[in-house]
**Q** 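Mind looking over this structure? Questions follow.
These figures come from a predicted structure and were not determined experimentally. For ligands, and for the atoms within them, numbers begin at 1 and follow the listed sequence.
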Amino acid sequence: MALQLRPNCEYCDRDLPPSSQEARICSYECTFCADCVESKLANVCPNCGGGFVARPIRPGREWRVGVSLERQPASTKRVHLKYSLDDITVHSKRIRDIPPERR
Ligand SMILES: [Zn+2]
Ligand SMILES: [Zn+2]
């Protein structure tokens, strides 16, 4: 199963196409833009509490048989926050000072 390339930032809803270098993901593929990860989330995923890394860019061309963006296309299902902004602020505050590898 391939990584799910989600189409938008869950926080600000900006588009994050598969080639975007601004996309950040947690280990559950929760997807946000770099700006929100830094300025709104303090590198704390609102859904799981984990940290973020840059989302890898799937090759557009089929360099190897059966694997490319064409073969495993990006998701088109937009995802939106399921917690209130107040809730996320509290959640982030209690976790942000613990580095991801010790959460
Ligand atoms: Zn965003
Ligand atoms: Zn997460």
Side-chain angles (χ1 to χ4, degrees):
M1 210 174 77
L3 181 78
Q4 208 179 67
L5 304 172
R6 298 180 184 171
N8 66 306
C9 171
E10 212 175 297
Y11 195 105
C12 72
D13 198 36
R14 70 181 273 188
D15 288 342
L16 294 171
S19 62
S20 173
Q21 294 184 277
E22 299 301 309
R24 301 290 180 268
I25 55 169
C26 79
S27 76
Y28 292 100
E29 304 170 324
C30 307
T31 304
F32 296 87
C33 71
D35 186 45
C36 287
V37 163
E38 204 173 300
S39 64
K40 314 277 193 215
L41 303 173
N43 200 29
V44 175
C45 176
N47 303 313
C48 71
F52 291 97
V53 295
R55 185 177 69 189
I57 293 173
R58 185 167 300 164
R61 286 173 59 183
E62 200 170 339
W63 297 99
R64 291 288 195 184
V65 177
V67 283
S68 68
L69 189 59
E70 209 169 74
R71 293 306 190 106
Q72 291 83 31
S75 165
T76 54
K77 196 182 164 208
R78 298 182 86 82
V79 179
H80 301 288
L81 285 179
K82 54 184 180 229
Y83 299 102
S84 71
L85 298 187
D86 284 350
D87 179 286
I88 291 169
T89 303
V90 172
H91 170 82
S92 177
K93 269 190 186 142
R94 70 190 170 118
I95 301 172
R96 61 190 300 166
D97 294 330
I98 309 166
E101 65 272 23
R102 289 202 282 116
R103 289 178 196 163

**Q** At a cut-off of 2.8 Å, what protein N/O/S atoms sit near the Zn ion (ligand 1)?
**A**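 Cys9 SG, Cys12 SG, Cys33 SG, Cys36 SG, with waters left out.
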
**Q** Suppose we screen for side chain to side chain donor-acceptor pair (under 3.5 Å). Which residues come up paired with Glu10, at least two apart in sequence or across chains?
**A**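 So Glu10 forms a side chain to side chain donor-acceptor pair (under 3.5 Å) with Asn47.
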
**Q** Show me the side-chain donor-acceptor pairs of residues 83-90 shorter than 3.5 Å, one per line, residues at least two apart or across chains.
**A**
from: Ser84; atom 1: OG; to: Asp87; atom 2: N; distance (Å): 3.1
from: Thr89; atom 1: OG1; to: Leu85; atom 2: O; distance (Å): 2.9

**Q** SG/Cys30 to CZ/Arg24 distance, rounded to the nearest 0.5 angstrom?
**A**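 Between atom SG of Cys30 and atom CZ of Arg24 there are 15.0 Å.
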
**Q** Suppose we screen for ring pair (Phe, Tyr, Trp, His ring centres under 6.0 Å). Which residues come up paired with Tyr11, at least two apart in sequence or across chains?
**A**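 Ring pair (Phe, Tyr, Trp, His ring centres under 6.0 Å) list for Tyr11, sorted by chain: empty.
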
**Q** Could you grab the angle centred on the Zn ion (ligand 2), going from SG in Cys45 to SG in Cys48, to 10°?
**A**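 Cys45 SG and Cys48 SG form an angle of 110° at the Zn ion (ligand 2).
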
**Q** Calculate, to the nearest 0.5 Å, the distance between atoms OG and CD belonging to Ser75 and Glu29 respectively.
**A**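 Interatomic distance, Ser75 OG to Glu29 CD, rounded to 0.5 Å: 9.5 Å.
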
**Q** Please report the interatomic distance CZ(Arg6) to CZ(Phe32), rounded to the nearest 0.5 Å.
**A**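 Interatomic distance, Arg6 CZ to Phe32 CZ, rounded to 0.5 Å: 9.0 Å.
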
